[in-house]
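Scroll down for the structure; my scribbles are underneath it.
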Amino acid sequence: MDYNFSEIEPRWQEYWREHHVYRTGDAGDRPHYYVLDMFPYPSGAGLHVGHPLGYIASDIYARYKRLHGYNVLHPMGYDAYGLPAEQYAIQTGQHPAITTEQNIARYREQLDKIGFSFDWDREVRTCDPKYYKWTQWTFLQLFKHYYDNGAGKAMPIAQLEARFAKQGTEGLDAACTEELAFTAEEWNTYDENRRQQVLMNYRLAYLADTYVNWCAELGTVLANDEVVGGLSVRGGYPVERKLMRQWSLRISAYAQRLVDGLEQVDWTDSLKEIQRNWIGRSEGAAVWFPLEMENGELRIENSADAGDNSQFSILNSQLKFEIFTTRPDTIFGVTFMVLCPEHELISEITTPEHKAEVEEYVTWAKNRSERERQAEVKKVSGVFTGAFAVNPLTNERIPIWVSDYVLAGYGTGAIMAVPAHDSRDFAFARHFNLPIRQVVSLEKDVTSDPATWTESMDAKTGYSVNSGFVTGMKVKEAMRAVIDKIEEMGIGHRTVNFRLRDAIFSRQRYWGEPFPIYYKGNMPCPVPEECLPLELPDVKEFKPTATGEPPLGHATRWAWDERQRCVVENSKIDNATVFPLELSTMPGFAGSSGYYLRYMDPRNDNEYFSAKAVGYWQNVDLYVGGAEHGTGHLIYARFWNKFLFDLGMAVKEEPFQKLINQGMIQGRSNFVYRSKADNNLYISKGLIKDMDEVTPIHVDINIVASDVLDIERFRAWRPEFADARFELEDGRYICGWEVEKMSKSMFNVQNPDDLVARYGADTLRLYEMFLGPVEQAKPWDTNGIEGVHRFLKKIWKLYDSNIDNQTSSKAALKVLHQTIKKITDDIERFSFNTSVSTFMICCNQLTDLGDGVGREVLEPLTVLIAPFAPHIAEELWHRMGHDTTICDAPWPEYDPQMLVEDTVKYPVQFNGKMRFMLELPADIDQAGVLDAVKAAPEAGKWLNGEPKKVIFVPKKIINIVC
RNA sequence: GCGGAUAUGGCGUAAUUGGUAGCCGCGCAAGACUUAGGAUCUUGUUCCGAGAGGAGUGGGGGUUCGAGCCCCCCUAUCCGCACCA
């Protein structure tokens, strides 16, 4: 009987579905294990072979854990909000909900064909009101909390209010947009509006003016990756930087914890490093530099011997500004200061004679798009303000410049420039001919003239020179000494800066979660939690409104009635009891930030998830997904989880214990070569003498098998190929190939359905694993799939002819036990490609053994294969007379005795040579080895005459080649 | 520029983690069975050499009895970040 996968696979898939075989149990005594895949965005293009790669790996592990007796949570769902469905809606008028629904149906169909063990009873969709209710709820909690640095966690905003009423900002250490200082008395005189403004400065979800990529033509803010070269990726419309009022999440408050948490998780070093870079922690100092106006309006007394007075004057100077530096030790080498073009001080300090020039520069710099600026990083630009600062340690006058190489978003937007020891300052100084002073030297007391330098000396090594009281110290010491000094002087302090910016949370789009926020005038008010979800209203048009409002501006029923506590018609807005609702929606990462928690208790309408559920499952044990989410989803989700942890909801601070990044699958394009001399002649790859004589043309990989072109299908593919003639080699047309991105335009997209139809799901599963290590990026290539398919046929045959054997030979059992050990080890280290090889070896060896294979061997082997090729395993399992599914079988244990014998006593045939390993006394010497070997009873049996080569190994093991 | 990774036959890869490199699969070659085969099976296949033998894990050096694996210096490719003070 032949291996008929197209009959077996759908039958078992149907059985599993009908009997809810993969439904997750609730708690119980069994140990738990949570295996999660990054849920997909259901795009119109459907799945390609890259998607299932990670799903197959996680499915293997989930099935393996089940066979090991674990209660496994292995859910799947859809990240269903997103731009493509909305763009499609704008073009066609079809509601994104319908498009999304269709795409989900197609995804589900494709996923089902591959035989995953997902618990579909727990499916979530981010666009489902029952799901986004909790996305909105979390947003409200973020709105209602602030981050208390002292407590090291999020605290209710009500506590902050109480504190303000009692002691103002006195002693407050909280994450905020801007440092504020007021007393309790002042607070108590503030009106409600003013108080709300103050609180907004602290909320973890806050409304603030932020620079964004604004695309007027599309009417929306775009993410950085949606903008290329100053133009929108979609449509190619110009994008400008614009200051807009936007919701943001104060993720920066969690920066330190996001760094620290990386210590606790089992992720690859490279991904941890990506996150560390993104968070960008730098230690250094904040220093205040007082200003000196040229015309003498403010002049700091020469403090060389003025003692406390000078410090007093610096501290009390209204005109001072704060800089951040990671190199406080170089403060003696400061030769100019630079402010970013957005710096508020510029207008105050610029002297009249420089005003025009500075204003022109600032206007120019501000209007440049982020992209333009980044593209011209090498170009030095800037302008002198006419103003001077005073170096608090040397009392030198230092010119203040403005330049866009200083960024508004980092530190304080102002720097002390040390051109000798910072490459950017160096370039600036050279360009504007500013002085350069060396203050660090590799060797003690040895300096050179910076005028001769071609580059700055940036390394944090060596000794301080020309640096007052730190001269002669090592750089590290000098840093400490300078910070101590400025702290003692009260003009600065040790501090840590992060590159991580707060996450902009508003999108001027329709297809996303609505904000549960309405506006009383300018004041945002939360919709009561009991009224959630605030459902996304229908609109007739998905474009921005004529007045430039987001698409939700088209909704006619999008107002909040405070008294009735429900959404009402816009016409009822009176700004007394009925108010307009927020028109922007949440970004894609909102719904994906907490979905793993919801899977634990997905049908709970009263809570995000129950304490019992999270208490049982804890967090995700294994998360599988692409590394491209390293700076997006994986940061947001960790932040989200930490916040919920602070609220006492999540029980683990880190959401994803172990993370495997599956490598990207690239496309492998095929080419035919058209002769330039004859437009209808196509030359097989091996016959081309000179590539200049032919034109390579992309050809659909679906009409090519193992680089051999299906000529008939090629002729039928497109009219212009109908009369194609071929120069064949060995009767075949061999195509060329190249690795490119998988894309429709290159005809190299491989759809898993085609492969399932042709070879079956089990073959696809095995082949995707066989391709190479899961983590490695690799081109998709079907050239080897036949071999894997052949293996399944062999396995089928092996069972077919041995299934009734009752006895097993010792050799067969040995093969089995070797296989058990190898497969178990392989799965534990996620080395699934070697597992497939192991199966093939096992199958070949058992086939060679012939009659000695019985059920004693075949049954455990079926269990081993089940995670990889569940359909064939299930079928064989039942053919062997079991009436429960293979999921209930126990994972076989190997007998170490069976393996020990093999490595120590018996020879192994290996590539035509006979090799042994023998245990020898520890104190044996090289000369004694041969005699010892000959004397060994185990060896004597196998040794015919003198061994060819004896390799002495100073351990207890010896290798002998005969 | 900074950071991370990778480099092994014609190709995808493997190597008990420092112990005789090239397992498994593809491809290729020869053969068997076949009216036929895009089926199945057998044998061979790192390179050079008829052979004995020699060379060999991107290149160069080092540690070691022993290195694909560890250390140093290059080279190439991929990925992430990019004026982050």
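In the text below, chain A, chain B and the rest are named by the order of the sequence lines, each starting its count at 1.
Taking the side chain of K794(A) as heavy atoms from C-beta on, and the options A85(B), A82(B), C41(B), the nearest nucleotide is C41(B). Of the candidates A85(B), G3(B), A82(B), the closest approach to any side-chain atom of W278(A) belongs to A82(B). Picking from G12(B), C83(B), A39(B) the nucleotide with the shortest atom distance to the side chain of D404(A) gives C83(B). Considering only the side chain of E273(A), G4(B) comes nearest among U40(B), A15(B), G4(B). Comparing A39(B), A14(B), C83(B) by their nearest atom to the side chain of R790(A) picks out A39(B). Across A85(B), A14(B), C24(B), the shortest atom-to-atom separation from the side chain of D422(A) is found for A85(B). The side chain of S282(A) lies closest to A85(B) when the candidates are G3(B), C81(B), A85(B). Taking the side chain of R829(A) as heavy atoms from C-beta on, and the options C26(B), U17(B), U40(B), the nearest nucleotide is U17(B). Listed nucleotides A85(B), G38(B), A82(B) differ in distance to R499(A); the shortest reach to its side chain belongs to A82(B).
The residue P779(A) sits apart from the nucleic acid: no heavy atom pair falls under 4.0 Å. The residue R713(A) sits apart from the nucleic acid: no heavy atom pair falls under 4.0 Å. If you check every strand for non-hydrogen atoms under 4.0 Å, R276(A) touches nothing. Looking at heavy-atom distances under 4.0 Å, S270(A) makes contact with sugar-phosphate atoms alone, never a base. Within 4.0 Å (heavy atoms only), D781(A) reaches no atom of the nucleic acid at all. Base engagement by I415(A) is indicated by at least one non-hydrogen atom pair under 4.0 Å involving a base atom. Within 4.0 Å of Q776(A), counting heavy atoms only, lie sugar-phosphate atoms of the nucleic acid but no base atom. If you check every strand for non-hydrogen atoms under 4.0 Å, V338(A) touches nothing.
Defined by atom type and a distance below 3.5 Å, a donor-acceptor pair is present between the side-chain atoms of S252(A) and D502(A). Under 3.5 Å, the side chains of Y361(A) and S381(A) contain a donor-acceptor pair of N or O atoms.
D781(A) meets the salt bridge (charged side-chain N to carboxylate O under 4.0 Å, His left out) test with R668(A); sequence neighbours excluded. Under the salt bridge (charged side-chain N to carboxylate O under 4.0 Å, His left out) criterion, E455(A) pairs with no residue at all, not counting sequence neighbours. With sequence neighbours left out, D266(A) forms a salt bridge (charged side-chain N to carboxylate O under 4.0 Å, His left out) with K658(A). Partners of D269(A) by salt bridge (charged side-chain N to carboxylate O under 4.0 Å, His left out), not counting sequence neighbours: none found. Scanning for side chain to side chain donor-acceptor pair (under 3.5 Å) contacts around E273(A) gives R276(A), with sequence neighbours left out. Partners of H633(A) according to the side chain to side chain donor-acceptor pair (under 3.5 Å) rule, which considers only residues two or more places apart in sequence or in another chain, are Y623(A).
Remark: the separation of the C1' atoms in C26(B) and U16(B) is 26 Å, to the nearest Å. Taking atom P on both U35(B) and G25(B), the two are 30 Å apart, rounded to the nearest angstrom. Between C69(B) and A15(B), the two P atoms lie 15 Å apart (nearest whole Å).
Taking side-chain N and O atoms only, K822(A) has no distance below 4.0 Å to OP1 or OP2 of U16(B). In terms of phosphate contacts, R327(A) brings no side-chain nitrogen or oxygen within less than 4.0 Å of OP1 or OP2 of A85(B). The side chain of N844(A) places an N or O atom within less than 4.0 Å of a non-bridging phosphate oxygen (OP1 or OP2) of G25(B). OP1 or OP2 of G25(B) has not a single side-chain nitrogen or oxygen of N783(A) nearer than 4.0 Å.
In this entry the distance linking CZ of F791(A) with P of C26(B) reads 12 Å, nearest Å. In this structure, NZ of K778(A) is placed 13 Å from P of G12(B), rounded to the nearest angstrom. Atom-to-atom, CG of L766(A) to C1' of G12(B) comes out at 16 Å; the value is rounded to the nearest Å.
Along RNA chain B, the nucleotide closest to I274(A) and the one closest to Y410(A) are compared, and the more 5′ of them pairs with I274(A). Looking at which nucleotide of RNA chain B each of S837(A) and E628(A) is closest to, the 5′-most match is held by S837(A).
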Listed pairs under 3.5 Å, donor-acceptor, residues 838-845 of chain A side chains, sequence neighbours left out:
residue, atom, partner, partner atom, Å
T838(A), OG1, K822(A), NZ, 3.4
T838(A), OG1, T834(A), O, 2.8
N844(A), ND2, M840(A), O, 3.4

Can you pull every protein N or O that's under 3.5 Å from an N or O on nucleotides 72-78 of chain B?
none

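The aromatic rings of F832(A) and F830(A) sit perpendicular, their planes meeting at an angle over 60°, well past the 30° parallel limit.
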Tell me, what's RNA chain B's dot-bracket, Watson-Crick or G-U with both distances under 3.5 Å, | for other-strand, [ ] crossing?
(((((((..(((......[....)))((((((.......))))))(((....)))..(((((..]....))))))))))))....
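Contact annotation: the side chain of I436(A) never approaches that of T335(A) to less than 4.5 Å [non-hydrogen atoms, C-beta and beyond].
Judged by the 6.0 Å and 45° rule, K272(A) forms no cation-pi pair with W267(A).
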